Amino acid sequence: MPRIALEKDQPFSLDLTLGCGQAFRWDKGEDGWWSGVADGQAIRCRLKAETLSFEGAGEAYIRHYFSLDTDLNEILDAIDCDPFIHAAIDRSSGLRLVRQPPWECLCSYICATNTNIPAVRRRIALLSEQFGDPVGSGSVRGYAFPGPERIACHDSDECLSTCKLGYRAPYVFTSSRDAAAQAGWAERIQNLPYDAARKEMTKFAGIGPKAADCVLLFAFQKYEAFPVDVWIRRIMREHYLPELPDGAPLSGREYDTIRGFARKHFGEYCGYAQEYLYAGREG
DNA sequence: CCCCAGGGGTGCT
DNA sequence: AGCACCCATGGG
């Protein structure tokens, strides 16, 4: 079993990283091992003391996926600018943003509109079982997330009817056609600055400002992105922007107010601040 | 039965 | 441009 010895001064919590809701394909078994599929690899891993054990992927991929090359302390120092975020950082120390496969991430956040995390996980699992290839062997098995062409090759979004996507099915289908038609879309987005990348992302069907910010943060490492959902909005109103309305639907203007405040207050890594705030929701 | 959820598209004004 | 309304599904 391959292992990675973590550097002493670099905090890393596997539980917080995989359990915070940024990725939808990981499960923690009774034995304490996490299992999931990423980039067509069925992976099992466990963190004990300062050692990350893993199988199913190469060391370079594991380091890349978990952003182990990122100096987390530098980022946390940068966003640690008030007592509330300081407490959130203390509470969730070691949470890292992973590097998700772009297409899977895009699809995941189309499926994440107006719903909850368990339902999103089910939809992504169904899509993988329905359209993806079985991968792995022995104790590590699963289904690869299907490339866009696996969905785009069908005649209509009816092919998605078993995946419980509801009104999101036509969005997934249209975005599959779109992504399949332009092979280099992810590299193009990756090479754009945040604002331009965000504009490009919202051209995909079913991707609005919120979903675009999630994909930019979780798949493209655009740490200036600050996704605002009902939880983050509540936290920001209660702790930073008391003048925000309570109860009314979140308008585009209010979204930009919150996003703009966060960018100025937390700085260029405000996306990391968002995830630490989100991880501490409900308590 | 209810209300809520990591919202976006459409259409009206 | 800003706003109202609809969307289909699942969790609690």
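Remember, predicted model here, so these are calculated numbers, not experimental data. Letters go in sequence order (proteins before strands), and every chain restarts at 1. The figures that follow rest on heavy atoms only: side chains count, while hydrogens, waters and symmetry mates do not.
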A.B. asks: Please report, rounded to the nearest Å, how far the P atom of C:dA1 is from the OH atom of A:Y255.
C.D. replies: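 Nearest whole value for this atom pair: 18 Å.
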A.B. asks: Using a 4.0 Å heavy-atom cut-off across all strands, classify A:A169 as base, sugar-phosphate, or nothing.
C.D. replies: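 Nothing: the residue A:A169, judged by heavy atoms under 4.0 Å, touches no strand.
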A.B. asks: What is the nucleic acid contact for A:K210, judged by heavy atoms within less than 4.0 Å: base, sugar-phosphate only, or nothing?
C.D. replies: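 Since a base atom lies under 4.0 Å of A:K210, the category is base.
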A.B. asks: I need the CZ-C1' distance between A:R121 and B:dA5, as an integer number of Å.
C.D. replies: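 In whole Å, B:dA5 C1' and A:R121 CZ are 16 Å from each other.
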A.B. asks: Return whichever of A:I117 or A:T202 has its heavy-atom-nearest nucleotide of DNA chain B closer to the 5' end.
C.D. replies: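 Result of the comparison: A:I117.
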A.B. asks: Does atom CZ of A:R234 have more than 12 heavy-atom neighbours from other groups under 6.0 Å away?
C.D. replies: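 Yes, the 6.0 Å shell around CZ holds more than 12 heavy atoms from other groups.
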A.B. asks: Provide the closest heavy-atom pair for A:Y276 versus A:I89 in the form atom of the first, atom of the second, distance.
C.D. replies: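 Minimum heavy-atom contact is CD2-CA, 3.6 Å.
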A.B. asks: Whole angstroms only, please: what is the CZ-P distance between A:R281 and B:dC4?
C.D. replies: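 Value for this atom pair: 17 Å.
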A.B. asks: Taking NZ, NE, NH1 and NH2 as the nitrogens, is one of them in A:D256 or A:R259 under 4.0 Å from a carboxylate oxygen of the other?
C.D. replies: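 Yes, this pair counts.
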A.B. asks: Write out all pairs satisfying side-chain hydrogen bond (donor to acceptor under 3.5 Å, both in side chains) with one or both partners inside residues 151-166 of chain A, taking only residues at least two apart or from two chains.
C.D. replies: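 Pairs touching residues 151-166 of chain A that pass the test: A:Q130-A:T162.
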A.B. asks: Base, sugar-phosphate, or nothing: which does A:G21 touch, judged by heavy atoms less than 4.0 Å apart?
C.D. replies: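 Base, at least one base heavy atom under 4.0 Å.
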A.B. asks: Rounding to an integer number of Å, can you tell me how far A:L127 CG sits from C:dT9 P?
C.D. replies: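 A:L127 atom CG is separated from C:dT9 atom P by 14 Å.
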A.B. asks: Could you report the tightest heavy-atom contact between A:G58 and A:Q41, atom names first, then the distance?
C.D. replies: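 It is N-OE1, 4.4 Å.
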A.B. asks: With heavy atoms under 4.0 Å as the rule, sort A:E254 into base, sugar-phosphate or nothing.
C.D. replies: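 If one applies the 4.0 Å heavy-atom cut-off, A:E254 turns out to touch nothing in the nucleic acid.
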A.B. asks: Measuring to OP1 and OP2 of C:dG11, would you say a side-chain N or O of A:R122 lies under 4.0 angstrom away?
C.D. replies: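 Yes, within the criterion.
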A.B. asks: Using a heavy-atom cut-off of 4.0 Å across all strands, would you classify A:P249 as base, sugar-phosphate, or nothing?
C.D. replies: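 Here A:P249 touches no strand at all.
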A.B. asks: Looking only at heavy atoms, which two atoms of A:Y109 and A:A211 are closest? And how far apart?
C.D. replies: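 Shortest heavy-atom contact: O-CB, 3.9 Å.
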A.B. asks: Might you point out which heavy atoms bring A:L6 and A:L68 nearest each other, and give the distance in Å?
C.D. replies: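 Shortest heavy-atom contact: CD2-CD1, 4.2 Å.
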A.B. asks: Write out a two-atom table: protein N or O, nucleotide N or O from nucleotides 5-8 of chain C, distance below 3.5 Å.
C.D. replies:
unit_1: C:dA8; atom_1: O4'; unit_2: A:Y167; atom_2: N; d: 3.1
unit_1: C:dA8; atom_1: N6; unit_2: A:N114; atom_2: ND2; d: 3.1
unit_1: C:dA8; atom_1: N1; unit_2: A:N114; atom_2: ND2; d: 3.4

A.B. asks: A:S128 and A:V37: side-chain contact (heavy atoms from CB on, under 4.5 Å), yes or no, with the steps?
C.D. replies: CA-CA 10 Å; A:S128 301; A:V37 180; over 6 Å; no
A.B. asks: In whole Å, measure the gap between the P atoms of B:dG9 and C:dG10 for me.
C.D. replies: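 The same atom, P, in both gives a distance of 22 Å.
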A.B. asks: If pairs are Watson-Crick or G-U with both distances under 3.5 Å, what is the dot-bracket string of DNA chain B, marking crossing pairs with [ ] and pairs to another strand with |?
C.D. replies: .||||.|||||||
A.B. asks: Starting from C1' on B:dG8, measure out to CD1 on A:I207 and report it in whole angstrom.
C.D. replies: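 Checked: the CD1 to C1' distance equals 9 Å.
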A.B. asks: Without decimals, in angstroms, what is the distance between A:I124 CD1 and C:dT9 P?
C.D. replies: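 Atom-to-atom, A:I124 to C:dT9, this comes out as 16 Å.
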A.B. asks: NA contact type, A:R234, heavy-atom cut-off 4.0 Å: base, sugar-phosphate, or nothing?
C.D. replies: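 Contact class for A:R234: sugar-phosphate only.
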A.B. asks: Checking A:D82 against A:Y240: is there a side-chain donor and acceptor pair closer than 3.5 Å?
C.D. replies: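 A pair is found: one side chain offers a donor N or O, the other an acceptor, under 3.5 Å apart.
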A.B. asks: Compute both the distance and the angle, then confirm whether A:R168 meets the cation-pi test with A:Y171: under 6.0 Å from the six-membered ring centre, within 45 degrees of the axis.
C.D. replies: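 No.
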A.B. asks: More 5' along DNA chain B: A:P227 or A:F204, using each one's nearest nucleotide?
C.D. replies: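 The residue whose closest nucleotide sits nearer the 5' end is A:P227.
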A.B. asks: Round to a whole Å and report the spacing from CD1 of A:I110 to P of B:dG8.
C.D. replies: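 Spelled out: CD1 on A:I110 to P on B:dG8 is 10 Å.
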A.B. asks: B:dG9 P sits how many Å from A:F173 CZ, rounded?
C.D. replies: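 Rounded to whole Å, this separation is 17 Å.
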